[in-house]
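Worth knowing before you read on, the calculation uses all heavy atoms, side chains too, and leaves out hydrogens, waters and symmetry mates. Below, read A as the first sequence line, B as the second, and so on, with proteins coming before strands; counting in each chain starts at 1.
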Amino acid sequence: MHLVLHRVDGGVTATPLTDAGESAGEPTRVDEPGLPAFVAAHDAPDVRWVWDDTARWYPAVLAAGGRVGRCVDLRLCRRILRGALAARGTVLAAAPVDTWDAPGQEARPTRPTQARLFDDALFAVGPADDAADPVTEFRLQLDAIATSTTPGALRLLTTAESAGALVAAEILHAGLPWRADVHERLLEQELGPRVPAGVRPRRLEELAVEIRTHLGDPGLNPDSPADVLRALRAAGLMVSSTRKWELQELEHPVIAPLLEYKKRSRLLTANGWAWLDEWVQDGRFHPKYVVGGVVTGRWAADGGGAMQLPKTVRSAVVADEGWAFVVADAAQLEPRVLAAMAGDRAMATAGDGRDLYDGVVASGAVETRQQAKGAMLGAMYGATQGDAGRLVPRLARAFPAALGLVDRAARAGERGEPVTTLLGRTSPVPDEAWFAARNRAWSVDGTPAQQRAVEGRARSWGRFTRNFVVQGTAAEWALAWMGSLRTRLATRFPGPLTAGPHLVFFVHDEIVVHTPVEHAAFVAEQVRAAAVDAGRLLFRDFPVVFPLSVSTVRDYGAAKD
DNA sequence: CGCATTCGCCAC
DNA sequence: AAACGTGGCGAATGCG
């Protein structure tokens, strides 16, 4: 049973449809304020809410203490289906571009102007009517999935993506517990007492003085790479940039304070007092995830740098009194995903019951874990040089199926063809200029220089498609993992979201659940069970395992990584 | 002056 | 020692 929500004539209609998309009764009219209560009254295990954009509908439900079990996020699903190679021959694929192809425009709480306040007082303006009919769109999508070449995979992908949208909305709502006092103590310790924006904190100023002294340049601005580079060269140091890894190699008294300055300066600018003021309210950081925000299907984050939360500040993430965090990280997720999607039994065996890189060493392909890791990442990223590049051929001999899969993806990309993830998310193809340049280079008046440049660009696109298939399928595994965990937790704790264990953070292959201490063991068990679910959903009975490292901690900084 | 680009670091 | 994927973000710098 589906209930399709639609804003029309100043209110909301809920249209019941069968699973096949056929009418299952008359639409019900609800007024906007009554929507959360309506959703609460009608949510059920067999109900799937259909709406244009989860971020536009779900926050009000959550704010009222409600939640839903399942949904279809039409905008996210449209984007997947529109691009999917497997749905290329469908009516949807041939339909002209319309508003469903536009990015989401969730109701952003913009500050109303005086004029708006005046209008609102007069007319009590609610959200505008929806331009497009979600029932029509939903049926178009059902048809696209059913008539695609891989209906099962696309059904799973769109379901997982929609579940992801629910998770993202719930994390935004609940927020990550954040102790501003702990964070402030850390800042004071690293930088000195708090200073106004634009003023260099004491510890940084001391380091700046040291740097200037060592370089004999009293006017040096250590925040200016150009300035620092000039000064380093004037001091006789041969460097091509001021990057950390390059400076680390040098022997000079300025290097230590300079690296120290860069490290602390980064803390100040990325997660200093300004960040704390802007992003932490009432003891919570509310990460706004963008589901499918990365081409590969990975999530992105909008503001606050949620996907790049430095290890150094994670100690400020402290569970509420009587609560704990269950932190779980999928070990060597991408190579395991690659082994499974390629059906590479040798690689699956390497990862069975142990660290996968240790297993690669045990297979005899390479000598050390470090080599195994470097070569494996190199194979998935397309390394051609250095240690990794040299070792990739040895992996190719040991694991021909897995390496063959990424190589085929790379070659398709080099030809300008799309590639797909396991469930059918499809890569973009290069723009017209890419093809035009290629054709020009290989025409009768193409020059060798043009041909070299074009080959370089082709290899670069090939590295993108090589990685796309693995990164994108790993993102699908993570969606399935979170989706399954979410359902498991909701089944056991059906009340308001934040009254029981709930997801509060996610980074590609790692999740954090905030839970009452007494339920931590149950949560840890469910997190592991959900990982098994995800493996089965994607790879059925292929013998690949997805081990997790799970820790129960009071603060995120204490989690094993 | 605002906007775009570059540099460099953070995460996976 | 650094070349090998996906991103966000902030300060400095370049440009119209």
Side-chain angles (χ1 to χ4, degrees), chain A residues 197-198 200 204 220-230 239-250 258-259 261-272 274-275 278-279 287-290 292-314 329-335 337-338 370 373-392 406 409-410 413 419 421 425 427-428 456 459-475 477-478 505-511 556 561:
Chain A
R200 188 174 280 140
L204 285 185
L220 177 73
N221 174 11
D223 292 319
S224 162
D227 237 23
V228 173
L229 189 60
R230 256 193 308 275
V239 280
S240 60
S241 75
T242 66
R243 290 188 195 99
K244 192 169 64 179
W245 61 262
E246 197 171 348
L247 298 182
Q248 275 167 351
E249 306 308 313
L250 302 174
L258 187 51
L259 290 173
Y261 182 93
K262 286 160 84 72
K263 190 170 143 217
R264 292 173 199 239
S265 167
R266 165 79 193 184
L267 173 65
L268 171 69
T269 56
N271 296 95
W275 183 91
E278 186 178 354
W279 293 103
K288 189 180 160 198
Y289 291 108
V290 185
V294 178
V295 270
T296 57
R298 270 187 176 184
W299 289 12
D302 184 11
M307 292 304 224
Q308 21 174 149
L309 201 64
K311 299 250 164 103
T312 49
V313 302
R314 293 185 183 184
D329 177 298
Q332 306 97 40
L333 176 60
E334 291 194 351
V337 161
L338 172 58
Q370 207 44 49
K373 183 174 179 178
M376 193 63 79
L377 292 175
M380 293 186 297
Y381 293 164
T384 55
Q385 297 183 16
D387 279 354
R390 270 193 302 280
L391 292 170
V392 169
V406 285
V419 296
T421 60
R425 196 185 298 263
S427 72
R459 278 193 299 274
S460 171
W461 196 267
R463 287 192 297 275
F464 162 60
T465 53
R466 168 191 293 272
N467 189 245
F468 181 96
V469 296
V470 182
Q471 188 183 109
T473 305
W477 182 90
F505 199 61
F506 167 66
V507 214
H508 309 310
D509 60 358
E510 178 175 348
I511 57 177
Y556 189 15
D561 55 310

**Request:** Please identify each residue that fulfils side-chain hydrogen bond (donor to acceptor under 3.5 Å, both in side chains) with A:R314, with sequence neighbours left out.
**Result:** A:Y556

Would you mind classifying the nucleic acid contact of [X] as base, sugar-phosphate or nothing, using non-hydrogen atoms under 4.0 angstrom?
| X | answer |
| --- | --- |
| A:A270 | nothing |
| A:G305 | sugar-phosphate |
| A:G303 | sugar-phosphate |
| A:K311 | sugar-phosphate |
| A:V295 | sugar-phosphate |
| A:Q385 | sugar-phosphate |
| A:S241 | sugar-phosphate |
| A:E246 | nothing |
| A:D227 | nothing |
| A:R243 | sugar-phosphate |

**Asked** Does the side chain of A:R266 come within less than 4.5 Å of A:K262's, by heavy atoms?
**Response** no

**Prompt:** Distance from A:M307 atom CE to A:D302 atom CG, nearest 0.5 Å?
**Reply:** 12.0 Å

**Point-to-point distance, once rounded to the nearest 0.5 Å, from CG of A:L229 to OG of A:S224** = 9.5 Å

**Prompt:** For DNA chain B, which nucleotides open and close the run of contacts to chain A, 5' to 3', at under 4.0 angstrom from a non-hydrogen atom?
**Reply:** B:dC7 to B:dC12

**Request:** Tell me, please, which residues at least two apart from A:F464 pass ring pair (Phe, Tyr, Trp, His ring centres under 6.0 Å).
**Result:** A:W461, A:F468

**Item:** Listed partners of A:F506 passing ring pair (Phe, Tyr, Trp, His ring centres under 6.0 Å), at least two apart
**Value:** A:W299

**Fill in**
Note: chain A reaches DNA chain C at heavy-atom distances under 4.0 Å over the stretch, first to last nt, 5' to 3', of C:dA1 to C:dT13

**Message:** Tell me every residue that passes side chain to side chain contact (heavy atoms under 4.5 Å, CB included) with A:Q385, counting only those two or more places apart in sequence or in another chain.
**Reply:** none

